[in-house]
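Chain A is the first sequence line, chain B the second, and so forth, proteins listed ahead of strands; every chain is numbered from 1. Just so it is clear, the model here is predicted, and its values are computed rather than measured.
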Amino acid sequence: MKNTPSLDDQIEMYRRMILVRRLEERLGALSKEGRTRGPIHRCDGQEAVGIGATAMLTDADYLTSTHRGHAHYIGKGVDVYGITAEILGRSTGLCGGRAGHMLIADAARGMIGGNAIVGAGIPAAAGMALSNQILGNGRVAMCIFGDGAAQTGIWHETMNMAALWKLPVVFVLEHNQFGLTVHSDRQGPVADLSIRAQGYAMPAEIVDGNDAVAVYRATAAMVERARRGEGPGMIEAKTYRWEGFSTSDMGGYQKPEDIAAWKARDPIEIARAALLPAVGADRLDAIAAAATAEVEQAAERALADPFPEFEPCAFTAAYSEVL
Amino acid sequence: MKNTPSLDDQIEMYRRMILVRRLEERLGALSKEGRTRGPIHRCDGQEAVGIGATAMLTDADYLTSTHRGHAHYIGKGVDVYGITAEILGRSTGLCGGRAGHMLIADAARGMIGGNAIVGAGIPAAAGMALSNQILGNGRVAMCIFGDGAAQTGIWHETMNMAALWKLPVVFVLEHNQFGLTVHSDRQGPVADLSIRAQGYAMPAEIVDGNDAVAVYRATAAMVERARRGEGPGMIEAKTYRWEGFSTSDMGGYQKPEDIAAWKARDPIEIARAALLPAVGADRLDAIAAAATAEVEQAAERALADPFPEFEPCAFTAAYSEVL
Amino acid sequence: MAMMRYAEALNLALREEMTRDPSVFLMGEDIGTYGGVFKVSRGLMEEFGESRVRDTPISEQAMTAMAVTAAMTGTRPVLEIMYADFLPLSLDALINQASIYEYIWNGQVQMPFVLRTQGGGGAGAGAQHSKALDALVAHVPGLQVVAPVTPADARGLLKSAIRDPRPVIFLEHKLLYNTRGEVDTGAEDLVPIGKARIARAGSDVSILATSKMVIEAEKAADLLAQDGISAEVIDLRSLRPLDVATIQLSVAKTNRAVVVNEGWRFCGYASEIAATIMELCFDDLDAPVERVTLPDMPVPYSEPLESAVLPNAQKICAAAKKTLA
Amino acid sequence: MAMMRYAEALNLALREEMTRDPSVFLMGEDIGTYGGVFKVSRGLMEEFGESRVRDTPISEQAMTAMAVTAAMTGTRPVLEIMYADFLPLSLDALINQASIYEYIWNGQVQMPFVLRTQGGGGAGAGAQHSKALDALVAHVPGLQVVAPVTPADARGLLKSAIRDPRPVIFLEHKLLYNTRGEVDTGAEDLVPIGKARIARAGSDVSILATSKMVIEAEKAADLLAQDGISAEVIDLRSLRPLDVATIQLSVAKTNRAVVVNEGWRFCGYASEIAATIMELCFDDLDAPVERVTLPDMPVPYSEPLESAVLPNAQKICAAAKKTLA
Ligand SMILES: Cc1ncc(C[n+]2csc(CCOP(=O)(O)OP(=O)(O)O)c2C)c(N)n1
Ligand SMILES: Cc1ncc(C[n+]2csc(CCOP(=O)(O)OP(=O)(O)O)c2C)c(N)n1
Ligand SMILES: [Mg+2]
Ligand SMILES: [Mg+2]
């Protein structure tokens, strides 16, 4: 089937989804112990979107993310230890502890970056695509954003300009059913937000967001199109958020039966089942164990790392302004 | 045919279109003589939209407009002399000369108001519709906005909330082919902007914007629906701007053949032709003459009116702030 | 009298005003079913229904613009913007719409709406969720801006704001919601907009602070007292209009002033207060007015970095001593 | 040397920089085919093509956000926002995006973009097209803000802004485009960001002005001269970073200062300058720094009303005399 990821790609996606899941679980535990700071937005159950949609991108391609970006970071090849250290506010973090979990960037990987202003990652990717088009460098930019972000005005302005100018950008809508606590059916009158792509004469496809391979196939087609200069495309991946909107969620608005139903469709289990025949349980177990160990080691190492020391802001100083 | 305006309504629309046309011509002449201030945005050739879309509204209904609102003002029943005096900056103007031609309001007529921030009139109408819904007062709000305004983010946010909450608001897109100087096909990838209404499960209709009766019919249906509490609707009226974007337009980008073609479809002539059999030339000529005289008198009177004297701003004073 | 949390005092004020006036309604993200991310509107959707307590999509720009015109047409919206960091999205509606209509329409309309939001650092929320953008809104004519620090003022000012015929920007602080204080639930206890509060009387130096910084200023006053310095702490409370009379009286007495605001320094809210004091109290001043603010940089995430940039009692003490040196 | 209009000087700078550096591109409303509503980009689409000179839809919010990240990824956008009154729509991209990345990403990126816009009154354009919102952008760390008043500075500062590795907000004035002045077309003549210009030397009072107000300040200096008062006029030029050295030298000499800015007074740009002077020149000052600004109200449309609110030479004279009284 067209755009089907190679077996190695599928194995790597499986491994990365496990990295993400273990990271979320570890962060959840650390937060309960009061060893993290600020709200942390977990994506348990949504791993297939961030991992599947980014697996065909190169380091030269750009990705912008959201406040819920751990799967996006790891999908773009960002180092788990660097992410963990950043989230724990250590000087060894990818941004020296200045950014925190919602705003991580790793320019060398084209991951620039997390964004906690809902909707802001969307024009950010389009701006990078505009650079790509002007420079003719063949790079593609992608933004992954939520169903809530799709209701922001800047989404409309960006879709319109991207389609008008045929920018090499792919819009990946990660539809996890909720804004923070409000269900998407109370945030807009239509269930399938990607029908709006028609209003920009832009191709769009709805996929099972819990099936990494399905997400990969659909997204890869849009990425190729964009790279060929044929313009932007949109993907709407349907998934569900297992945990609260963040570690400070007091809950009470997600139906237990919904959570149960979606947990029964665990993206990691779906990937494992697909790989089992070709790869076998032993190898998959070994991969899972190694991924688990990688997250453990990353966390242990980061927890032992020093906190940063304050230095005046370079540009603040440059502006000879008082600190 | 359903929602067909009565003969009297049609005659009144004809009269109002002439009022608008003569006002625009008079303002154009005054501006050439250097007797106006600031840019003036004429709507010659577009009169059928503002007049036809508002003819079924009552004074209790609300209308928000744009920087090009003269037909909207007159359609909502605002006094021509008050408008003219305001545009000429006189103390007798509807806003005492404080507002100017782009920002005229007449609260008694529900005309609140002109708006020179492109797109801003759209949520303004929705906010009034929100009040109407909460108060259950049966009033409808309408915004008339341009093809350029349809590309602003706030249009999307407003369409979404209006449809989600079934607000009693009607969106009238006055498609005159241009933003300021840039043709709409260079501002977005789709010709019929109202196809975007589908993305909000909102009904929409495209009409000939040079036929006041057609505009009336389509709009009246949406207004009734909204009044019944069935939610918002959208109208896209196709028309064309004969004159420059404003009196400061240096021109050079509108095709002479386009202008000629559209002038051949003068909304006033179309209305006249439709009325001729039933009303007869003499009565129509008399109406035209009276309308022309009304604008003349309004202009002469306004030109003789005093300019306002400066008074400190009420609320500035209230805040005991230095003037 | 009752002891309650700041968030509870706000909730009480909303409940009281919604009960008193059916034209008052609430809109904002996650304020209904969930009761608000800081639980300020807890229980109100159940009590007043979905028409008057509206969960909105993530559309700050349109929400704010709609609140402005809803207020023009018979209702009294109380809009919650979840974080002050998002105020830029509301700003066109404030600067180009709410600010101008009453004047340019010659008094044909008024806009009685309240925009509630919360800002400030100290919670590890990062550069996009920790700012105090007081200066952005305080700069806009036609807007009133208040920032209560005690639960009693939170209730009293919110009630006044909702009843006011003109727009009020109501600034809260994420680290104040759980602070407790006495509230006179028996009385209306409206707090007038435009009046500062003398949090603590003193004679050597005036410390003028806003929002959570008032608490830091009071801590600073304790520390200064140990060094025999008597600091007067003024809670500005009403950022605009400014209670210049109270400021003048204080500075006339102390001859020295320190302004504390959690926003940026350059073109910040503290700059206005410093300029105003210099202008009105020039002959009284024995030293330049000191500004204690966030440095001109983004708020970093990691604890030691964030602590280093936030204004605090120590920095306020140092500034006060500088005015006395 | 050549005599040219302010708009022509800007056009020249754009042409020169686009020729020099292929990564420089322009985007904005009506800047291409039409050459800009103030004709600043006249002829550039023909010369550099549609890829590098882009007419945009009316989408300030996304345009600005896109310019920020385009600048992060290898190009140098010069964005035109038609009126400064629309800056609120650009502000999220400036405050929550451009302002933070270089610092919070630990220097991984820089954003060399220029946002050109024009503000100010006097043209009868009404309350939504006449504002000077300098304070909004000057408050944001990470942004540099310049406001040239002469054609030579317009060219020299725009060239410097385009070459600068960091964001520059470039403030023009609608009534300056047709003013004429000498431009040294032979030389590069870059004007450094961060340096004020002494428009006229004097000894009795320092008048610090921005943009078109510099012209009013020079007129005021003429009037004051007739009364035997020698005014020094300083064109701040670089609103941020501020050239404090030049300001200090001047005030040390004159002991009096008047700040003139066309924006609102409360929390305005003039407030920062007044506060800074008070802080740095406290012992030198013989009188409080006077602020001459727009009153805190919308700009009215009708000529006599608009004239009454705009700062002008007469108001500046009165303020200067007050400092000398
Ligand atoms: C402009 C803006 N408004 C509100 C918020 C607060 N907020 C943070 S996450 C969130 C929900 C976003 O929903 P969605 O886009 O679906 O992303 P998800 O959390 O589901 O991953 C909200 C409202 C914000 N960060 N930015
Ligand atoms: C937010 C904003 N951006 C830009 C402008 C400048 N401007 C005034 S009118 C106009 C074109 C508007 O086009 P359209 O909405 O189609 O209305 P029309 O002029 O065709 O009636 C522009 C760009 C503005 N007033 N507001
Ligand atoms: Mg979601
Ligand atoms: Mg148009």
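- Of all heavy-atom pairs between Trp105(C) and Cys95(B), the closest is CD1-SG, 3.8 Å.
- The structure places OH of Tyr103(C) at 8.0 Å from CD of Glu311(B), a figure rounded to the nearest 0.5 Å.
- Checked by atom type and distance alone, the side chain of Trp165(B) never pairs as donor or acceptor with a backbone atom of Thr56(C) at under 3.5 Å.
- For the atom pair CD of Glu157(B) and CD of Glu60(C), the computed distance is 7.5 Å after rounding to the nearest 0.5 Å.
- Here the closest non-hydrogen pair linking Thr69(C) and Pro123(B) is OG1-O, 3.9 Å.
- Counting non-hydrogen atoms of other residues, nucleotides and ligands closer than 6.0 Å to NZ of Lys166(B) gives a total of 12 or fewer.
- Within the 3.5 Å criterion, the main-chain N or O of Ala105(B) finds a donor-acceptor partner in the side chain of Gln108(C).
- Rounded to the nearest 0.5 Å, atoms CZ (Phe25(C)) and CG (Leu135(B)) are 9.0 Å apart.
- For Asp106(B), the parts lying near chain C are the backbone and the side chain together; criterion is any non-hydrogen pair under 4.5 Å.
- The CE atom of Met27(C) sits 5.5 Å away from atom CE of Met161(B), with the distance rounded to the nearest 0.5 Å.
- In this structure, Ser131(B) and Thr75(C) approach most closely via the heavy-atom pair OG-OG1, 2.5 Å.
- Separation of atoms CD1 (Ile58(C)) and CG (Asn160(B)) is listed at 10.5 Å; rounding is to 0.5 Å.
- Atom CE in Met66(C) sits 9.5 Å away from atom CD1 in Ile154(B) (nearest 0.5 Å).
- Counting heavy-atom pairs closer than 4.5 Å to chain C, the top-ranked of the candidates Asn137(B), Thr158(B), Ile117(B) is Ile117(B).
- Contact of Leu130(B) with chain C is made through the side chain alone, with heavy-atom distances under 4.5 Å.
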Could you give me the CA-CA distance, side-chain angles and deciding distance for Glu86(B) and Asn106(C), then say whether side chain to side chain contact (heavy atoms under 4.5 Å, CB included) is met? CA-CA 12 Å; Glu86(B) 182 62 33; Asn106(C) 232 344; over 6 Å; no
Check step by step if side chain to side chain contact (heavy atoms under 4.5 Å, CB included) holds for Met72(C) and Ile112(B). CA-CA 9 Å; Met72(C) 246 184 226; Ile112(B) 46 176; 4.3 Å; yes
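- Residues Thr152(B) and Gln61(C) form no side-chain contact, since every pair of their non-hydrogen atoms from C-beta on lies 4.5 Å or further apart.
- Environment of CD in Glu309(B): sparse, with no more than 12 heavy atoms of neighbouring residues, nucleotides or ligands closer than 6.0 Å.
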